[in-house]
A.B. asks: 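Right, I'll just put the structure down here and ask away after.
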Amino acid sequence: MANVIDYYAVYNVGKPLLEEEVEAQLHGGILQGIAQVLWEGAIYSDDGTPLHVTLADYGLPSPPDVVYKVLTRGLNMPSIMPGGLRGIGEAGTTGALASTFLALEKAISIRSGIRVKLSRTPVTPSYLFQIIK
């Protein structure tokens, strides 16, 4: 099973209105992005029957899964927009998806000497085994 140990994020929201809200938005988005890569998945049988009946089957992370540290750093340069503001939107989610995929690919390469290109989510232990064998 793959685990995230530390997650680092740098952001630029221009002039933050509420720094705590920016941090909360980032942390939530990071969790969502990592969860999509490692746990979440709408799984179907070969004939198209959904194998996920409830959210528990879907693969949502639980508190023991979320033990990594998130370290953030704001480099806020005011934008040319009124108020100097920029949006935060999906910044945490977008970065977490790509960085989690890349970190897994690199870890597999370092540990096994095998270069892989991950192509789907979730990256379950059985999927990792399939790729490495």
Side-chain angles (χ1 to χ4, degrees):
M1 177 77 180
N3 292 313
V4 176
I5 299 168
D6 292 319
Y7 189 94
Y8 300 89
V10 178
Y11 61 88
N12 178 4
V13 295
K15 179 182 170 190
L17 296 177
L18 296 168
E19 191 69 41
E20 300 82 20
E21 294 295 325
V22 170
E23 288 286 324
Q25 181 79 14
L26 277 172
H27 283 251
I30 291 165
L31 172 58
Q32 183 180 358
I34 292 171
Q36 183 175 341
V37 173
L38 297 180
W39 300 290
E40 296 178 6
I43 310 298
Y44 295 86
S45 69
D46 291 339
D47 68 355
T49 304
L51 299 177
H52 56 283
V53 179
T54 69
L55 282 177
D57 300 328
Y58 180 74
L60 296 176
S62 62
D65 297 321
V66 188
V67 295
Y68 53 86
K69 290 182 275 181
V70 176
L71 306 160
T72 61
R73 171 79 193 254
L75 303 171
N76 297 317
M77 306 293 188
S79 79
I80 59 170
M81 301 301 287
L85 307 173
R86 297 179 197 272
I88 184 111
E90 300 296 322
T93 304
T94 305
L97 282 165
S99 62
T100 304
F101 263 112
L102 291 172
L104 280 169
E105 290 174 353
K106 186 172 185 176
I108 291 166
S109 177
I110 289 169
R111 290 283 196 152
S112 68
I114 300 168
R115 297 189 102 170
V116 298
K117 191 72 173 162
L118 300 173
S119 60
R120 68 170 180 88
T121 62
V123 181
T124 60
S126 60
Y127 175 51
L128 288 175
F129 180 74
Q130 239 179 356
I131 289 174
I132 295 170
K133 75 173 187 164

A.B. asks: Out of curiosity, does Val123 fall in the hydrophobic cluster containing Leu102 (side-chain heavy atoms, cut-off under 4.5 Å, transitive links)?
C.D. replies: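 No; Val123 is not reachable from Leu102 via cluster members.
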A.B. asks: Only pairs at least two apart or in different chains count here, so list each side chain to side chain donor-acceptor pair (under 3.5 Å) that has a residue in residues 34-43.
C.D. replies: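 Sorted result for residues 34-43: empty, none.
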A.B. asks: What distance do Thr72 atom OG1 and Glu19 atom CD have between them, rounded to the nearest 0.5 Å?
C.D. replies: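 Answer for the OG1-CD pair, Thr72 versus Glu19, is 7.5 Å.
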A.B. asks: Apart from Tyr8 itself, what residues make up its hydrophobic cluster, given side-chain heavy atom links below 4.5 Å?
C.D. replies: Leu71
A.B. asks: So, Tyr7 side chain and Ala96 main chain: donor-acceptor pair closer than 3.5 Å or not?
C.D. replies: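 Here the side-chain-to-backbone pair exists.
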A.B. asks: Using a 6.0 Å cut-off, check whether atom CD1 of Ile114 has over 12 heavy atoms from anything other than its own residue.
C.D. replies: yes
A.B. asks: With ILVMFWY side chains joined below 4.5 Å, transitively, what does Leu75's cluster contain besides itself?
C.D. replies: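 So far as hydrophobic clustering goes, Leu75 is joined with Val10.
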A.B. asks: Sort and list the pairs that fulfil side chain to side chain donor-acceptor pair (under 3.5 Å) and have at least one residue in residues 107-119, not counting sequence neighbours.
C.D. replies: Ser119-Tyr127
A.B. asks: Any donor-acceptor pair under 3.5 Å linking the side chain of Glu105 with the backbone of Leu118?
C.D. replies: yes
A.B. asks: Among the clusters formed by ILVMFWY side chains lying less than 4.5 Å apart, do Tyr44 and Leu51 turn up in the same one?
C.D. replies: no
A.B. asks: Around atom CZ of Arg120, are there more than 12 heavy atoms from other residues, nucleotides or ligands closer than 6.0 Å?
C.D. replies: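 Yes, because the 6.0 Å sphere around CZ of Arg120 holds more than 12 heavy atoms from other groups.
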A.B. asks: Could you tell me if the side chain of Tyr68 sits less than 4.5 Å from the side chain of Asn3, heavy atoms only?
C.D. replies: no
A.B. asks: Would you compute the distance between atom CD1 of Ile80 and atom CZ of Arg86 and round it to the nearest 0.5 angstrom?
C.D. replies: 8.5 Å
A.B. asks: Can you list the other members of the hydrophobic cluster that holds Leu17, where links are side-chain heavy atoms under 4.5 angstrom apart?
C.D. replies: Leu85
A.B. asks: Any sub-3.5 Å donor-acceptor pair from His52's side-chain atoms to Ile43's backbone N or O?
C.D. replies: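 A pair under 3.5 Å: yes.
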A.B. asks: Looking at CG of Leu31 and CG of Leu26, how far apart are the two atoms once the value is rounded to the nearest 0.5 Å?
C.D. replies: 12.5 Å
A.B. asks: Nearest 0.5 Å please: distance from the CG atom of Asp65 over to the CG atom of Leu38.
C.D. replies: 9.0 Å
A.B. asks: Provide the closest heavy-atom pair for Thr121 versus Val37 in the form atom of the first, atom of the second, distance.
C.D. replies: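 Reported closest heavy-atom pair: CG2-CA, 3.9 Å.
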A.B. asks: Go through the structure and list residues passing salt bridge (charged side-chain N to carboxylate O under 4.0 Å, His left out) with Asp47, not counting sequence neighbours.
C.D. replies: none
A.B. asks: Would you say Asn76's side chain and Lys15's backbone share a donor-acceptor pair under 3.5 angstrom?
C.D. replies: no
A.B. asks: Which value, rounded to the nearest 0.5 Å, describes the distance between Gln25 atom CD and Ile30 atom CD1?
C.D. replies: 10.5 Å
A.B. asks: State, to 0.1 Å, how close Pro16 and Gly14 come at their nearest heavy-atom pair, and which atoms those are.
C.D. replies: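 Reported closest heavy-atom pair: CD-O, 3.2 Å.
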A.B. asks: What distance separates Ile34 CD1 from Thr93 OG1, expressed to the nearest 0.5 Å?
C.D. replies: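 Ile34 CD1 to Thr93 OG1: 10.0 Å, rounded to 0.5 Å.
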